[in-house]
Amino acid sequence: MKNNPKVLTAWTMYDWANSVHSLTITSAIFPIYFPVAAVMMPSKSTTLDFLGFQLENTVIYSYAVSLGFLLLAFSVPLVSAISDYTGKKKVFMRMYCFLGAISCMILYFFKEGNYYLGTFAFLFSIVGWGGSIVFYNSYMPEIATEDKYDSLSAKGFTMGYIGSVILLIQNLTMVLKPEWYGGITGGEASRISFLTVGIWWIVFAQIPFHYLPETQNAQKQTGNWIFNGFKELKKVFGELQKLKTTKKFLSAFFFYNMAAQTVMYLGALFGGQELNLPSDALIITILLIQLVAIPGAYIFSKISEKVGNTKSLSYIVIIWIVICIAGYFVYSRNEFYILATGIGFVMGGIQSLSRSTYAKMLPENTHDTASYFSFYDVCDRLSTVIGTFMFGLVNQLTGSMRMSLLFLTAIFAIGFIILSQIPSKKVY
């Protein structure tokens, strides 16, 4: 039965569980810790020999994000199709969850100079996080009616923001005040924070794993799972070709998400490397973004009720364009804080509304929700791959992240143009 309050609340708890990865690992503490720990010992050189290439530590970080999402883009659609065919959606969601959480725990052993372990554990934490999110998102049409999508999606992201901030504040006391914990070093405090992320993720994930229903649409088991997975994938892909509005939305999402995700993942690097802000200022910025994102998600959910989803998303993308242009001229800490406030406000809205808008565009009563959301995820991951890679490449070629912001401005503009061609009220 849909709209069961216990099930809906339990669903949002997976945002509470996994969002600590997005905040501590990909946004706050790890991006600051990685350039310091990933150095060539004993010379302390930031240019590293990585798989035969001489790369800056910050470039390796950008490329690790890109490769993690590239792996997701190629693997998740097939796994999602297999889960739809076999009815094992929760099994695969749990598998990716444990992969991501255990990878975070392994980061506890990432010390100075051991950059291979740190890079690959970080990479697989992204794979585990991203893979589990596909199956998590695909539950929305199964547990809620369409009129609940926007508010449910906003509530999920809000739970994620609140939970991740709670754990980050706890971890920050270790990083900024290690003397409170028996005189541990700052590096040890950071590594303990990575461990707590994995534990938090696994523990709270048990709530949705307990309450979310088992998928009941398993098909008759004949032949090879992988072969049937390809067949399922081909079938859903064929159905998508007939949904012209959905295809156009995925195209718009691909572009504006490319730019938005790049800002979210590499914003801390911009503040640290381009503005030379200290670690405490960067972490305060990340906290500010999360707190502002909470009202942002709800405000744009309400706006979408008045003007429709795609028009509301268009407003958000316009604000993103202004933010990127303004970022090119930011030089002081206070200016960076103002920019971060704007980013936080639109971050919650663009994430929650994109998810719920796509859910509304799925065929009614479809049983292939994981497969459909895997295509949404492919657009998400591939756009993140290209965005972070180009950001790192432009940074490497020009020596300035400001030029990368101009590139992102153009990408947002493309997304806006496509989005403006999609009817805002439901005619899907």
Side-chain angles (χ1 to χ4, degrees), residues 26-27 31 58 62 65-66 251-277 281-282 284-293 295-297 299-300 303 307 310-354 379-380 383-422:
T26 59
S27 298
T58 54
S62 297
V65 174
S66 300
S251 298
F253 174 73
F254 179 85
F255 284 102
Y256 73 68
N257 185 71
M258 179 193 304
Q261 292 293 333
T262 301
V263 173
M264 293 177 199
Y265 280 102
L266 303 180
L269 282 180
F270 177 84
Q273 301 297 315
E274 197 73 25
L275 304 180
N276 297 313
L277 297 181
L282 294 176
I284 290 172
T285 302
I286 298 299
L287 279 173
L288 179 63
I289 289 174
Q290 299 298 306
L291 293 175
V292 176
I299 288 173
F300 281 107
I303 292 175
V307 302
T310 54
K311 184 171 287 188
S312 183
L313 281 169
S314 295
Y315 296 159
I316 296 174
V317 173
I318 291 173
I319 298 174
W320 271 109
I321 292 174
V322 173
I323 287 172
C324 286
I325 295 173
Y328 183 85
F329 300 99
V330 165
Y331 287 94
S332 71
R333 178 185 298 197
N334 288 338
E335 290 173 342
F336 190 65
Y337 286 156
I338 294 173
L339 194 70
T341 302
I343 291 173
F345 183 68
V346 290
M347 182 180 74
I350 203 166
Q351 290 180 320
S352 64
L353 269 185
S354 293
C379 288
D380 186 353
S383 63
T384 304
V385 168
I386 296 173
T388 54
F389 177 81
M390 291 302 297
F391 192 96
L393 182 62
V394 173
N395 179 27
Q396 186 177 11
L397 295 176
T398 67
S400 172
M401 294 185 186
R402 296 179 189 276
M403 297 304 297
S404 298
L405 286 178
L406 296 183
F407 164 76
L408 296 181
T409 301
I411 298 303
F412 270 125
I414 295 173
F416 172 78
I417 292 172
I418 301 174
L419 198 60
S420 63
Q421 301 173 11
I422 303 174

For the residue pair Thr26 and Pro31, what are the closest heavy atoms and their distance?
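In terms of heavy atoms, the two residues are closest at O-CG, 3.5 Å.
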
Give the minimum heavy-atom separation between Trp320 and Ile343, together with the two atoms involved.
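Shortest heavy-atom contact: CH2-CG2, 3.8 Å.
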
Ring centroid separation Phe255 to Phe416 under 6.0 Å
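No; Phe416 has its ring centre 6.0 Å or more from that of Phe255.
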
Report yes or no: is the cationic atom of Arg402 (NZ for Lys, CZ for Arg) closer than 6.0 Å to the six-membered ring centre of Phe329, at no more than 45° off its axis?
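No, Arg402 does not lie over the aromatic ring of Phe329.
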
If the test is side chain to side chain contact (heavy atoms under 4.5 Å, CB included), which one of Ile414, Ile418, Ile386 qualifies with Phe254?
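Answer to the side chain to side chain contact (heavy atoms under 4.5 Å, CB included) test with Phe254 among Ile414, Ile418, Ile386: Ile386.
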
[atom2] on [Y] to [atom1] on [X], rounded to 0.5 Å:
X: Leu353; Y: Leu313; atom1: CG; atom2: CG; result: 5.0 Å
X: Phe407; Y: Ser404; atom1: CZ; atom2: OG; result: 8.5 Å
X: Ile316; Y: Ser352; atom1: CD1; atom2: OG; result: 7.0 Å
X: Ile323; Y: Ile318; atom1: CD1; atom2: CD1; result: 12.0 Å
X: Ile303; Y: Lys311; atom1: CD1; atom2: NZ; result: 12.5 Å
X: Ile411; Y: Leu406; atom1: CD1; atom2: CG; result: 12.0 Å

Please check: side-chain N/O of [X] versus main-chain N/O of [Y], any donor-acceptor pairing under 3.5 Å?
X: Ser66; Y: Phe389; answer: yes
X: Thr384; Y: Gln261; answer: no
X: Glu335; Y: Ser332; answer: yes

Any side-chain heavy-atom pair from Met258 and Met390 closer than 4.5 angstrom?
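They are not in side-chain contact.
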
Check the side chains of Tyr256 and Ser354 for a donor-acceptor pair under 3.5 angstrom, ignoring hydrogens and angles.
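Yes, a side-chain donor-acceptor pair sits under 3.5 Å.
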
Over 60° means perpendicular and under 30° means parallel, so tell me whether Phe345 and Phe300 are parallel, tilted or perpendicular.
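Aromatic pair Phe345/Phe300 classed tilted.
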
